[in-house]
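As structure tokens, the structure follows; a few thoughts come after it.
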There are 2 protein chains.
Amino acid sequence: MDATSADSAPRDGEPHPGGKLTRERMLACALEMVDREGIDKLSMRGLARALGRDPMSLYRHAANKADLLDGVAETVLAELTVDPNDTDWVAQLRAVARQFRRIALSHPHVVPLLVTRPLATPLALRPRGTLRPLEDILALLTQAGFSGADALHIYRALFGFLHGHILNELQEIVENPEETDDLLRLGLHRLPIHEFPNLRGLASVLASYDGASELERGLDILLAGLPTATTSAT
Amino acid sequence: MDATSADSAPRDGEPHPGGKLTRERMLACALEMVDREGIDKLSMRGLARALGRDPMSLYRHAANKADLLDGVAETVLAELTVDPNDTDWVAQLRAVARQFRRIALSHPHVVPLLVTRPLATPLALRPRGTLRPLEDILALLTQAGFSGADALHIYRALFGFLHGHILNELQEIVENPEETDDLLRLGLHRLPIHEFPNLRGLASVLASYDGASELERGLDILLAGLPTATTSAT
DNA sequence: TCCCGTAGACCTACGGTGTAGACACCAGTC
DNA sequence: GACTGGTGTCTACACCGTAGGTCTACGGGA
């Protein structure tokens, strides 16, 4: 009675294409959907449809929708790797920053989750994968000679800046990409001239935003200023 | 037949307590609900209930729910005032930063809206009240001698930092406020010791976070570093 | 005076949502 | 064989955002 399938199909003709459903597969599929259609198009039912399962199956692997979203954020953040043994802490932080930017830009729809979910959960209850970069950066900085308090301070300054920067960068949305005139491209002609003279005058500058170099300039300022604001090390 | 009410009641006995519904009243009520119960407890139907109207009435004053949320964010941001004629631009930016922090802390549930809504809308289509601070700060900085490009750069750096800072500060959630031991207060005892030694060791530092002074230190670094990163003025 | 346009409020209804609760099935272990 | 715990499924409930249509009051020409 059974078809060509391996030992995973229970009885009917191939009900579940790829064997058992795991949390990882569920999260991967959810991430893919979010990347494609944005965060509020993700529904439990839609996700189940994409996986070919019953919607209620998902609740075996996530307590509720919030938990699923936490999982998606954790999946993305897991791409971030920190080397706590790097002896050049400045270089390592720069590397982390660039990595973070790259990850955020490749999952723009997840960014609201990344910056927003921690507001709802006490630190110790957050997904473990979310705390990993924090722990590793603390290790990096204490090995570099900073006190725990200063290390924490630097972590906060760095990620505060990173979150702010990425929110800035993702706001650069062009309204009419095919238009050549910057004012029209950005839709700024809609603003009344006498109320927003400065803003309208900056069309060309707005249009030429360069996120990568903006990040570097910010890092320059931050990393130059940090040691003097703490009891400096090395 | 009519009761004590003023000239606003049409016929039945006092159908609408306070006269006609306006966008301002609707937004004020929405803001109050969000402040009280958080953002995802706000529904059109619930809001209508609180206002004593039919749910569909709200659509006379907001195109849809997203527009309503934009309105709430705009209402909050309207509390922010910038004096573009201040001759001391550094002091003025500091004042704006402190104001922003105060506003954000008094409406913590709106913060996700403040940092997140702009990601969905091109700059020129955002609510006007949202663009006001930008325009005013550009005016302030160009009057101080900065080029338009540098002014925009400084605005971005400031608000990037502010958003990052406030997201940081609002993450400080105490799990068991009545507990005296910091480790238990923050729930850090739940983390495995061998996986998160540094983080667990920082319980006391985490518990004594001071947002106000953190903001000031960040501003010191930022405002000291900015002029050298641009073609400095005054 | 009549007429008409418009703005505000309301009602109904549709197709979606998250998820509680109960039940069926299976693999292992005693 | 009986029991147990993880997994999948089905049904059902309460709620959501909002399209479409209707009723009423009001203001301004004609």
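Chain A is the first sequence line, chain B the second, and so forth, proteins listed ahead of strands; every chain is numbered from 1.
- Atom P of nucleotide D:dG6 and atom CZ of A:R53 are separated by 19 Å, given to the nearest angstrom.
- Look at NZ on B:K41: it is 11 Å from P on D:dC16, rounded to the nearest Å.
- Going from atom CZ of B:R23 over to atom P of C:dA7 covers 16 Å, rounded to whole Å.
- Under a 4.0 Å N-O distance rule, the pair B:D54/B:R60 does not qualify as a salt bridge.
- Of the listed nucleotides (C:dG18, D:dT9, D:dG8), D:dG8 has the atom at the smallest distance from the side chain of A:L21.
- Just one of B:H107, B:H165, B:H163 meets the ring-ring contact (aromatic ring centres under 6.0 Å, His included) condition when paired with B:F100; it is B:H163.
- Listed by residue number, the members of residues 55-70 of chain B with any heavy atom below 4.0 angstrom from DNA chain D are B:M56, B:Y59, B:N64, B:K65.
- Protein atom CD1 of B:I39 is 16 Å distant from nucleotide atom C1' of D:dG17, rounded to whole Å.
- A donor-acceptor pair shorter than 3.5 Å can be found between the side chains of B:H153 and A:E214.
- Atom CG in B:D54 sits roughly 16 Å away from atom P in D:dT24 (whole-Å rounding).
- The pair A:E169-A:R101 meets the salt-bridge criterion, with a side-chain N (NZ, NE, NH1 or NH2) lying under 4.0 Å from an Asp/Glu carboxylate O.
- For the pair B:R49 and D:dC16, the criterion of a side-chain N or O lying under 4.0 Å from OP1 or OP2 is met.
- Here the side chain of B:E37 pairs no donor or acceptor atom with the backbone of B:L42 at under 3.5 angstrom.
- Here the C1' atom of nucleotide D:dC15 and the CG atom of B:L47 are 16 Å apart, to the nearest Å.
- Rounded to whole angstrom, the span from the CE atom of B:M44 across to the P atom of C:dC11 amounts to 17 Å.
- In the set D:dG8, C:dA13, C:dT19, C:dT19 carries the atom at the smallest distance from any side-chain atom of A:R45.
- Counting only distance, with no hydrogens or angles, the side chain of A:R45 and the backbone of A:P55 share no donor-acceptor pair below 3.5 Å.
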